[in-house]
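What follows is a short report on a single structure.
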Amino acid sequence: MTLVEDPHWSVRWSVPEHPAAVIDVRRAICRSADKDLRGLLAEQDGLDRETNSVLAADPSPNVRARLAARTHAPDILAALITDADPKVRVGATQNSITTMNQYRLLANDRSATVRVAAITSEKLPHDELHRLAHDRSVSVRLCLAAWPTTPETVLRVLAEDSHPKVMTWARARLGENTRSARELMGQRVSSTRTSETSA
């Protein structure tokens, strides 16, 4: 309890992960003026319901975002996905318990930053990716064109995009895919010929 208010940050920041940081210590951290300390608490596993609820209402978006990325409480995550700050909703795209329906919700978020984060989560189904290929934001379409796991069918849509950067990235990626396929085919042919020669 005393160390929560220690004047040196390295001491304070070590408290949340300490095995003795029980409920009373967590409450003291939640009252601390140090938002980084509160953020470290938000990233801890096994938080009790009261601590989760207090952190979900924390005045700092950074604290709420860290909680959104790590909480294992479905009701808390559901509340944070509708948070007013896009930073918090971005955090939710990183959580391992985020459901497919929630990912779909995030992929349709009003903030382009959140939609980009949904793409980079690599959890979106093909139909959502295809829809995002027509997104109103150039940054979303550009992310989709450049992201390494974007399916070829989506890249083909982006290759006809009206924005030159999006079109260029998508066509370059399609060119890489074509070269990779040719190289793979060449390796297979070479391997077959070698086997035939050996026989």
Spacing of [X] atom [atom1] and [Y] atom [atom2] [to the nearest 0.5 Å]:
{"X": "S14", "Y": "L3", "atom1": "OG", "atom2": "CG", "answer": "7.0 Å"}
{"X": "L37", "Y": "R31", "atom1": "CG", "atom2": "CZ", "answer": "12.0 Å"}
{"X": "S121", "Y": "Q94", "atom1": "OG", "atom2": "CD", "answer": "9.5 Å"}
{"X": "I76", "Y": "L67", "atom1": "CD1", "atom2": "CG", "answer": "7.0 Å"}
{"X": "K123", "Y": "T99", "atom1": "NZ", "atom2": "OG1", "answer": "11.0 Å"}

Give me the atom names and distance for the closest heavy-atom approach of [X] to [Y].
{"X": "A133", "Y": "D161", "result": "O-OD2, 4.2 Å"}
{"X": "A92", "Y": "I81", "result": "CB-CG1, 3.5 Å"}
{"X": "A20", "Y": "V25", "result": "O-CG2, 3.9 Å"}
{"X": "S162", "Y": "R141", "result": "OG-NH2, 4.3 Å"}
{"X": "S111", "Y": "P86", "result": "OG-CB, 3.7 Å"}
{"X": "V15", "Y": "A21", "result": "O-CB, 3.5 Å"}

Cluster check [X], [Y]: I/L/V/M/F/W/Y, side chain < 4.5 angstrom:
{"X": "V138", "Y": "V157", "result": "no"}
{"X": "V54", "Y": "V4", "result": "no"}
{"X": "L40", "Y": "I29", "result": "yes"}
{"X": "Y103", "Y": "L80", "result": "no"}
{"X": "L77", "Y": "L41", "result": "no"}

Checking A79 now: which residues fulfil side-chain contact (heavy atoms from CB on, under 4.5 Å) with it, not counting sequence neighbours? none

Which residues pass the salt bridge (Lys or Arg N to Asp or Glu O under 4.0 Å) test with [X], sequence neighbours left out?
{"X": "D36", "answer": "none"}
{"X": "D75", "answer": "R49"}
{"X": "R104", "answer": "D127, E128"}
{"X": "D6", "answer": "none"}

Taking only distance into account, with no hydrogens and no angle test, what donor-acceptor pairs under 3.5 Å do side-chain atoms of residues 164-171 form with protein atoms, sequence neighbours excluded?
unit_1: T168; atom_1: OG1; unit_2: P164; atom_2: O; d: 2.7
unit_1: R171; atom_1: NE; unit_2: A159; atom_2: O; d: 2.9
unit_1: R171; atom_1: NH2; unit_2: A159; atom_2: O; d: 3.1

Among residues two or more places apart or on two chains, list those pairs meeting salt bridge (charged side-chain N to carboxylate O under 4.0 Å, His left out) that have a residue in [range].
{"range": "residues 60-71", "result": "E43-R66, D45-R70, R64-D83"}
{"range": "residues 10-25", "result": "R12-D34, D24-R27"}
{"range": "residues 86-100", "result": "R89-D109"}

Is any side-chain heavy atom of [X] closer than 4.5 Å to a side-chain heavy atom of [Y]?
{"X": "V140", "Y": "R136", "value": "no"}
{"X": "L158", "Y": "L144", "value": "yes"}
{"X": "H72", "Y": "L47", "value": "no"}
{"X": "D48", "Y": "R26", "value": "yes"}
{"X": "V88", "Y": "D85", "value": "yes"}

Can you pull the ring pair (Phe, Tyr, Trp, His ring centres under 6.0 Å) pairs that have at least one residue in residues 12-31, sequence neighbours excluded? W9-W13

Residues forming a ring pair (Phe, Tyr, Trp, His ring centres under 6.0 Å) with H163, sequence neighbours excluded: none

List in chain and number order the residues that pass ring pair (Phe, Tyr, Trp, His ring centres under 6.0 Å) with H134, two or more places apart in sequence or in another chain; answer none if no residue qualifies. H130

Checking side-chain contact (heavy atoms from CB on, under 4.5 Å) for the pair N52/T71: CA distance, chi angles, key distance, verdict? CA-CA 8 Å; N52 260 315; T71 184; 3.4 Å; yes

Just by distance, no angles: are the side chains of N95 and T98 close enough, under 3.5 Å, to form a donor-acceptor pair?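 T98 and N95 do not have a side-chain donor-acceptor pair below 3.5 Å.
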
Is it true that the side chains of R131 and N108 contain a donor and an acceptor less than 3.5 Å apart?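 Per modelled atom types, R131 and N108 side chains form a pair under 3.5 Å.
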
Between T93 (side chain) and A118 (backbone), is there a donor-acceptor pair under 3.5 Å? no

Applying side-chain contact (heavy atoms from CB on, under 4.5 Å) to R38 and S60, what does each step give before you reach the verdict? CA-CA 9 Å; R38 302 195 309 272; S60 167; 3.8 Å; yes

